[in-house]
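Chain letters run A, B, ... following the sequence lines, proteins first, then strands; residues in each count from 1. The figures that follow rest on heavy atoms only: side chains count, while hydrogens, waters and symmetry mates do not. Note that the structure is predicted; figures quoted are calculated from it, not measured.
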Amino acid sequence: MLPHKKIESALQAAVRELLPDADTSIILVRPCDPKFGDYQSNALMSLAKTRKLNPRQLATDVLAKLDVSEVCEKVEIAGAGFLNFRLKNSELVKNLEAAVRGEHLFFVKAASPKTIVVDFSSPNVAKPMHVGHIRSTGIGDALQRSLRLLGHQVITDNHIGDWGTQFGKLLLGWKQILDRPALERDAIAELERLYKTVNAECDADPTRLDAAKSELVKLQAGDEENLRIWREMVKLSQVQFDTIYGRLRVKFDVALGESFYNPWLGEVVASLLTRGLARESEGAVGVFSDGSLPPKEDPFLVNRDGEWIADPALVRKSDGGFNYMTTDLATIDYRLKTWSPDEIIYVVDDRQSPHFKKLFITFTRWQPDAAKKVKLVHVGFGKIMGDDGKPFKTRSGDTVKLGDLLDEAEERALQQVTEKSPELPEAQREEIARVVGLGAVKYADLLPNRQSDYIFSWDKMLALQGNTAPYLLYAYARIKSIFRKQEHPEARIQNPELILAASEEIALAKHLLNFGLTLEAVADEFRPNYLCNYLFEVAVHFSRFFENCPVLKAESDAVRHSRLALCDLTARVLKQGLETLGIETVEQM
RNA sequence: GCACCCAUAGCUCAAUUGGAUAGAGCGGCUGACUACGGAUCAGCAGGUUAUAGGUUCAACUCCUAUUGGGUGCACCA
């Protein structure tokens, strides 16, 4: 058992003994400023407060019941009632030696694994994937990897936008202005041109819009020709998706697009109507407020000029077509019946937050029993902005295409590798550039807190110095270099004794110990940036160690073996951590 | 109009959700025995956390107001 887990459970037991009704799940120890120890608890102060107790007295009482002498030095009470824990060197050594033997890598699998559906990426057919998609794709992929690593059963689903109103316009364009040679050269560009052209025409001319709508109605009614064209558009888009996901090394267990749910949409609406949850309004069918929430918190109400009026979730349009609320309801229903998940998480732009609020409430009203068994979570993220503070566009008004961003990243990385390591063969330099460039982009996107908007900048996305993926990869490569330089690699002893004496060794070792703590925080709060920051700190601690503690030229065999083992553990944590972020590693760069 | 989100160092961002002296990177300035890989390391400068109040042992974090930005407000997804 990892030391912080031991401290945590001992602390929980001690507190429960004194305050049986206390919520011990909130009581946790977490690393703080090293000046105040390796772990700390600040929960006693708030516990004391709600019970009108003296916090320092409570801390003293808890301490009297607390025995963590196996893992910690004497526990200190500090400040208003903090408990500061300092790990014993022997405990640190014990844990690292266990890791060296391969017993763990500083994390433990979840005690009760959950089944979790992760819905992310969701590109649209006939549109290029742009920088915006890197957010959902990168965050979603990092989260699903973290959850899997912690032992959960994960189903990743790419809910592709392959059905809906845009196809009316696309079909019209395809039939009337399609440029075949252009389609063969660059299918997505041509499809995009069709859409843009017809869309502009529709804005100017209502009869064009009617024509587009009737194409859509024909498609949804099963018209053979329109279905054939639609299938071709989907197929062409799939090629693009496969290319991008291949480059990003992102895989999905299933990719059930919106069209997959088409057969059930009528039933969903019928069911909502029979249960009295939906009703007709202005020719459409919608779910309305049930009045159970105060107006301000009710997503089915909106204030217009001082009056609260209905803002229903439409499930059938006045023309008889369905929309994404209907599809999303059918999707939840299907997922529950197919996988019985404990959670479904949606990694989607924050702007859709009102939609998900309505969706989750509507589903809960529709299937109350099923809803009790599943946690529905919208993991939102901020918008990508240009440096003018407006949603990001290039000078020509388009968004930056994801493929172009990746190309540029690899190009810049190749330039750098060629400059730094001209001696490496070209093929190897290209492979390094691929990993480094791609890693830089992914890391740059994962580093900021997902909730905040971020300003897009090429230089930031493609940076190769500082708190970036290349910095982490460089630390990893330096470790690998040490092992390559080792004179007798085969003479490496199997389970060396760890000697942690230098402050840099101890700091690095203690930090490695917190890998699992970090992974759990990532999984609990769906925030991969914790892992980015953790790994950056691993690399920083390693770099300091590397500067100050000679490994191969260590003063004795024992110290050399110990440091080699520490290097190896660092490399393993870096590799595993980067892999969890969806970033590959290279042995040299 | 109404609702929601945001404002932290010159720039881009953190701060594990109410914890101790607000941290990084970039940019700027100093340094580092030819270094087990300099894509690195050590250091300096840079902050009244938009403004004004409030809550409490403790506030970037919660509340109120103000200013400035963004987003969303049935038949697009």
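In summary, A/R563 and A/E505 engage in a salt bridge, as defined by a charged side-chain N under 4.0 Å from a carboxylate O. Of the charged side-chain nitrogens involved, none lies within less than 4.0 Å of a carboxylate oxygen, so that A/E307 and A/R304 do not count as a salt-bridged pair. Looking at A/R365 and A/D290, a side-chain N of the basic residue comes within less than 4.0 Å of a carboxylate O on the acidic one, giving a salt bridge. Classification of A/K213 and A/D210 as a salt-bridged pair fails, no side-chain N sitting under 4.0 Å from a carboxylate O. Under a 4.0 Å N-O distance rule, the pair A/K169/A/E215 does not qualify as a salt bridge. A salt bridge does not link A/R208 with A/D203: none of the charged nitrogens is closer than 4.0 Å to a carboxylate oxygen.
Nucleic acid contact for A/S481: base, since at least one base atom lies under 4.0 Å from a heavy atom of the residue. As judged by a 4.0 angstrom heavy-atom cut-off over every strand, A/N514 is placed among residues making no nucleic acid contact. Using a 4.0 Å heavy-atom cutoff across all strands shown, A/A554 reaches no nucleic acid atom at all. Counting non-hydrogen atoms under 4.0 angstrom, A/Q352 reaches a base of the nucleic acid. Using a 4.0 Å heavy-atom criterion, one finds that A/M325 contacts no nucleic acid atom at all.
At least one side-chain nitrogen or oxygen of A/R544 sits closer than 4.0 Å to the OP1 or OP2 atom of B/A42. The phosphate of B/U71 (OP1 or OP2) has no side-chain N or O of A/K383 nearer than 4.0 angstrom.
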Annotated protein contacts, base or backbone, on nucleotides 6-14 of chain B with a non-hydrogen cut-off under 4.0 Å, one of B, S, - each: ------SSS

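With RNA chain B read from its 5' end, the first of the two nearest nucleotides for A/L552 and A/W308 is the one closest to A/W308.
Listed in residue order, the members of residues 466-475 of chain A having a heavy atom less than 4.0 Å from RNA chain B are A/G466, A/N467, A/Y471, A/Y474. Near-neighbour residues of RNA chain B inside residues 277-288 of chain A, defined by a heavy atom below 4.0 Å, number-ordered: A/S281, A/E282, A/A284. Contacts between residues 294-304 of chain A and RNA chain B, counted as heavy-atom distances below 4.0 Å, involve A/K296, A/V302, A/N303, A/R304.
With its ring centre under 5.5 Å from that of the base six-membered ring and a plane angle below 30°, A/F546 counts as stacked on B/C36.
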Enumerate the protein-to-nucleotides 60-65 of chain B contacts in which both atoms are nitrogen or oxygen and the separation is below 3.5 Å.
none

side-chain contact (heavy atoms from CB on, under 4.5 Å) evaluation trace for A/L472 with A/Y476: CA-CA 6 Å; A/L472 307 188; A/Y476 182 80; over 6 Å; no

Name each donor-acceptor pair under 3.5 Å that joins a side chain in residues 515-524 of chain A to protein atoms two or more places apart or in another chain, with its distance.
| from | atom 1 | to | atom 2 | distance (Å) |
| --- | --- | --- | --- | --- |
| A/T518 | OG1 | A/N514 | O | 2.9 |
| A/E520 | OE1 | A/K5 | NZ | 3.2 |
| A/E520 | OE2 | A/K5 | NZ | 3.3 |

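When only modelled atom types and interatomic distance are considered, A/D445 and A/Y454 share a side-chain donor-acceptor pair under 3.5 Å. Judged by distance alone, the side chains of A/D350 and A/H378 never bring a donor and an acceptor atom under 3.5 Å apart.
Atom-to-atom, CE of A/M589 to P of B/G38 comes out at 13 Å; the value is rounded to the nearest Å.
Between A/F82 and A/F36, the ring center distance fails the sub-6.0 Å criterion.
A distance-only check finds no donor-acceptor pair linking the side chain of A/T326 to the backbone of A/F322 [under 3.5 Å].
Nucleotides B/U55 and B/C63 place their C1' atoms 7 Å apart, quoted to the nearest Å.
A 3.5 Å limit on both hydrogen-bonding distances identifies B/U12 as the Watson-Crick or G-U partner of B/A24.
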